Amino acid sequence: MNIPNTLSIMRILFVILMFLFKKNIFLFLIFYIIACVTDILDGYIARKFNKITKLGQKLDSFGDLILYISTLYFIYYFNPYLIIDFLLYILIIVFIRLLNIIIAYIKYKKFLIYHTYLNKSIGILYGIFFPLIILFKTNNIIILTLTSLSLIATIEESIILTIKNISDADYKGLFFDNK
């Protein structure tokens, strides 16, 4: 049994549970936090114990995508006015991300989302701030910051796909030593 792959599958299952229990804010947030923890642990365990697999990279990327898209949905579900202010911005990010996935598939014949430090940082920030957004109906500054950083990470991925020939999902980013 590959524990990192199991954790990635669990993240997808916890996202499903989030949809099923969205009316119970306590359970919803517990499932969200567990999904975020599995996101952190799967890659860490895979690298630490040399359990990196192609399937694991795909599961992790798919789990990340599902968690990210569901997070956007739930921001809208819990506070629709907050997301409407940034809807065009968010749609642009989602469009570019999907375009990146299509380009990666055409270029490398596989599903690929880079696990750059910037993408990982965005995931951690969403994990921290999403519960605050839901519980405290936070202001636009946090959403603006998160979407701006998401756009930067998305553009970095576009640049990597365009100017580099890297099919390894664990590429650290344009400004990091990738050894």
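What you are looking at is a predicted structure, and each value in this text was computed from that prediction instead of being measured.
- Residues I134 and F28 form a side-chain contact, since some pair of their non-hydrogen atoms from C-beta on lies under 4.5 Å apart.
- Taking the six-membered ring for Trp and thresholds of 30 and 60 degrees, Y73 and F19 have nearly parallel ring planes, at less than 30 degrees apart.
- Considering only heavy atoms from C-beta on, F130 stays 4.5 Å or farther from I33 through its side chain.
- The hydrophobic clustering, which links ILVMFWY residues whose side-chain heavy atoms are closer than 4.5 Å, places I102 and L161 apart.
- Of the inter-residue distances, the one linking D170 atom CG with S61 atom OG reads 8.5 Å to the nearest 0.5 angstrom.
- Cation-pi geometry between K22 and Y77 is met: under 6.0 angstrom from the ring centre, within 45 degrees of the axis.
- The hydrophobic cluster containing I93 also contains F95, counting ILVMFWY residues as joined when their side-chain heavy atoms lie under 4.5 angstrom apart, directly or transitively.
- Of all heavy-atom pairs between G173 and E156, the closest is CA-OE2, 3.3 Å.
- The CZ atom of F21 sits 5.0 Å away from atom CZ of F31, with the distance rounded to the nearest 0.5 Å.
- For the pair K51 (side chain) and N5 (backbone), a donor-acceptor distance under 3.5 Å is absent.
- Side-chain atoms of Y32 and S70 form no donor-acceptor pair, as typed in the model, at a separation below 3.5 Å.
- S148 and Y89 share a side-chain donor-acceptor pair at under 3.5 Å.
- Q57 and D168 are linked by a side-chain donor-acceptor pair at a separation below 3.5 angstrom, with hydrogens and angles left out of the test.
- Salt bridge R11/D60: present, at least one basic N to carboxylate O contact under 4.0 Å.
- Residue N100 forms a side-chain contact (heavy atoms from CB on, under 4.5 Å) with just one option from T162, I160, T154, and that option is T154.
- Only one option out of I113, L99, T116 pairs with E157 in a side-chain contact (heavy atoms from CB on, under 4.5 Å); it is I113.
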